Protein chains: 2
Amino acid sequence: MPLPRPQIQLSVDCILLFLDGHTLRTLLIRRPIPPHLGTWALPGGFVRPDESLEAAAARVLAVETGVRDVYLEQLYTFGDPGRDPRGRVVTAAYIALVRPPAPEPREGAWTPMDALPDLAFDHLTILDYARQRLKYKLEYSPVGFRLLPEEFTLKRVQDAYEAILGRALDKRNFRKKLLSLKVLKPLAKFVREGPHRPARLYRFEEEKWERLKEKGNVFVF
Amino acid sequence: MPLPRPQIQLSVDCILLFLDGHTLRTLLIRRPIPPHLGTWALPGGFVRPDESLEAAAARVLAVETGVRDVYLEQLYTFGDPGRDPRGRVVTAAYIALVRPPAPEPREGAWTPMDALPDLAFDHLTILDYARQRLKYKLEYSPVGFRLLPEEFTLKRVQDAYEAILGRALDKRNFRKKLLSLKVLKPLAKFVREGPHRPARLYRFEEEKWERLKEKGNVFVF
DNA sequence: GGCCTTCGTGTACAATTGACACCATGCGCA
DNA sequence: TGCGCATGGTGTCAATTGTACACGAAGGCC
């Protein structure tokens with residue numbers, strides 16, 4: 001029995017996130033074609049018949065923004081009829097996390113998540129959903145480190161957590177807990193970032209995290 | 001600019017779960033058509049151009065199993081090329097939770113989650129993913145109650161948690177914590193379920209849970 | 001009435017969370 | 001060169017939460 005003729009278009013949309021100090025920013029582009037020509041939108045595109053969804057997301061990012069080698073994670077699939085005026089388009093949304101320094105986008109703008117403009121389609125809904133997911137996920141997984149450079153200070157980690165959770169955390173308690181997880185390797189390197197004492201650099205150790213995970217432990221802030 | 005011609009089929013698959021004492025069971029059906037004719041599989045079907053994904057899942061359940069009015073939640077979208085030998089089929093998987101008494105399925109069998117047979121396509125992967133999701137979700141949301149009748153004893157709640165988490169919980173601690181959340185209303189009703197003291201019935205109160213959630217509290221067992 | 005089974009409850013200790021303040025270090029400037 | 005300024009880095013105590021653990025109560029059955 002052959003497949004029926006497809007009648008639904010499948011696309012991917014990418015929420016590309018970047019942490020700029022205490023500000024979480026996402027890359028928006030202006031729609032180059034109708035509908036919503038000129039409106040801000042998430043980078044996205046149709047899935048090709050021979051590529052996986054994740055590959056499609058990676059391709060879209062590379063083509064539309066020039067960004068490569070990012071962490072990708074499926075967020076949710078939005079498929080209400082009517083979300084695209086052209087016809088039935090179902091979209092798989094992917095979260096993509098990039099480390100500083102922020103790649104200069106081929107086009108579009110890094111837009112603060114808390115000052116979003118009018119967006120095409122249901123992209124505002126998608127962004128809200130992404131923010132929620134990231135917030136929850138921070139509590140039991142080390143996604144935060146995917147937004148930091150390979151080597152970072154504890155302050156930067158705290159900045160990341162505060163930006164995503166949207167609230168201030170106590171410095172001493174934060175460090176105590178973070179270090180007690182034993183997933184960070186202190187380096188013999190320091191950075192000067194102003195007229196004050198330099199801060200130690202750390203590195204996140206993936207395999208230590210894996211071991212923790214097997215024992216069922218989780219982050220909780 | 002018109003839409004390109006669709007080249008990808010979109011389907012939904014349903015993980016219908018039911019709690020049978022300490023056993024979590026899912027409804028599997030034998031594939032009535034090739035490929036994998038006669039092999040056990042999740043109930044599923046193609047999405048129609050005019051229905052939402054969730055509506056498609058509900059329809060598939062109603063038609064293939066006769067089950068209606070269930071809790072539905074999108075699990076994940078599986079879209080690797082090659083997952084269906086007929087061509088490119090991307091499937092949105094939905095978890096569906098039903099309360100006892102177990103509906104008698106129009107076809108298929110309630111199969112224990114820990115004794116799954118060979119399955120068509122990537123349906124084993126999908127079921128593993130579902131089990132994981134349910135386990136995590138139990139920790140911060142009241143999904144467990146969606147597997148129980150409207151009125152239930154504390155023992156039944158504990159059974160549900162133990163079945164899903166796969167480990168025994170201490171009765172006194174479990175009850176203490178559950179009741180401290182103040183989301184259960186004790187009823188002036190008791191059930192006799194054997195030659196022993198009857199147990200009190202409780203009811204889950206959705207709006208009390210909503211209030212808790214706003215304050216940021218979560219279940220953790 | 002005695003036995004069996006599950007119901008329902010409290011305490012004590014350990015671990016974790018959360019509040020809170022001060023000295024250290026290095027830069028810049030007078 | 002020394003003083004001021006800014007951030008780095010650390011510990012203690014109280015409150016809360018988690019965890020281990022045992023026994024009388026209620027009702028059916030024989």
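Numbers restart at 1 for each chain; the letters A, B, ... are given by sequence-line order, proteins then strands. From a predicted model like this one, the values you see are computed outputs, not experimental measurements.
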Exercise for the section: Taking the side chain as every heavy atom from C-beta outward, state whether A:Ile126 and A:Thr91 have any atom pair closer than 4.5 Å. Expected result: yes
Practice task
On the 0 to 90° scale, with breaks at 30° and 60°, tag the A:Tyr76-A:Tyr129 ring pair as parallel, tilted or perpendicular.
Solution key: tilted
Handout entry: Distance, nearest 0.5 Å, that separates CD of A:Glu193 from OG1 of A:Thr153
Key = 5.5 Å
Exercise for the section: Give a yes or no on whether a donor-acceptor pair under 3.5 Å exists between the nucleobase atoms of C:dC7, that is its base, and the side chain of B:Arg200. Expected result: no
Quick one: which protein N/O atoms are closer than 3.5 Å to N/O atoms of nucleotides 23-28 of chain C? Pair and distance per line, please.
{"unit_1": "C:dA24", "atom_1": "N3", "unit_2": "A:Arg197", "atom_2": "NH1", "d": "3.4"}
{"unit_1": "C:dT25", "atom_1": "O2", "unit_2": "A:Arg197", "atom_2": "N", "d": "3.1"}
{"unit_1": "C:dG26", "atom_1": "N2", "unit_2": "A:Pro195", "atom_2": "O", "d": "2.5"}
{"unit_1": "C:dC27", "atom_1": "OP1", "unit_2": "A:Arg192", "atom_2": "NE", "d": "3.4"}

Using the 3.5 Å cut-off, write out each protein N or O paired with an N or O of nucleotides 11-14 of chain C and the distance between them.
{"unit_1": "C:dT11", "atom_1": "O4", "unit_2": "B:Lys176", "atom_2": "NZ", "d": "3.2"}

Exercise for the section: Record whether the side chain of B:Arg172 comes under 3.5 Å of the base of D:dA20 through a donor-acceptor pair of N or O atoms. Expected result: no
Exercise for the section: Return the value, rounded to whole Å, for the distance between atom CD of B:Glu193 and atom P of C:dC7. Expected result: 8 Å
Exercise for the section: Establish whether the base of D:dG9 is bridged to the side chain of A:Lys171 by a donor-acceptor pair shorter than 3.5 Å. Expected result: yes
Problem - Between D:dG9 (P) and A:Leu179 (CG): distance, integer Å - result: 10 Å
Problem - Atom pair distance, as rounded to whole Å: CG in A:Asp170 and C1' in C:dA21 - result: 11 Å
Exercise for the section: Measure the CG-NZ distance between A:Leu201 and A:Lys189 for me, rounded to the nearest 0.5 Å. Expected result: 6.5 Å
Exercise for the section: Describe, in one word, how the ring planes of A:Trp110 and A:Phe18 are oriented to each other, choosing from parallel (under 30°), tilted (30 to 60°) and perpendicular (over 60°). Expected result: tilted
Problem - Distance in Å, B:Arg25 CZ paired with B:Leu17 CG, rounded so as to fall on 0.5 Å steps - result: 12.0 Å
Practice task
Measure from CZ on A:Arg167 to C1' on C:dA19 and round the result to the nearest Å.
Solution key: 14 Å
Problem - Atom NZ of A:Lys185 with >12 non-hydrogen neighbours under 6.0 angstrom - result: no
Practice task
Could you check how far CZ of A:Phe190 sits from P of D:dA6, rounded to whole Å?
Solution key: 23 Å
Completion exercise
From CZ of A:Phe174 across to P of C:dT16 the rounded distance in Å is 18 Å
Handout entry: D:dT7 phosphate, OP1 or OP2, under 4.0 Å from A:Lys155 side-chain N/O
Key = no
Handout entry: ring-ring contact (aromatic ring centres under 6.0 Å, His included) between B:Phe152 and B:Phe204, intermediate numbers included
Key = CA-CA 9 Å; B:Phe152 48 79; B:Phe204 175 70; 7.9 Å; no
Which pairs of donor and acceptor atoms, one on a side chain in residues 66-73 of chain A, lie under 3.5 Å apart (sequence neighbours left out)?
{"unit_1": "A:Tyr71", "atom_1": "OH", "unit_2": "A:Glu73", "atom_2": "OE1", "d": "2.7"}
{"unit_1": "A:Glu73", "atom_1": "OE1", "unit_2": "A:Lys137", "atom_2": "NZ", "d": "3.1"}
{"unit_1": "A:Glu73", "atom_1": "OE2", "unit_2": "A:Arg133", "atom_2": "NH1", "d": "3.3"}
{"unit_1": "A:Glu73", "atom_1": "OE2", "unit_2": "A:Lys137", "atom_2": "NZ", "d": "3.2"}

Fill in the blank from the handout: A:Leu181 atom CG is separated from C:dT16 atom P, nearest whole Å, by 11 Å
Practice task
Grab the CG-C1' distance between A:Asp159 and D:dT7 for me, whole Å please.
Solution key: 12 Å
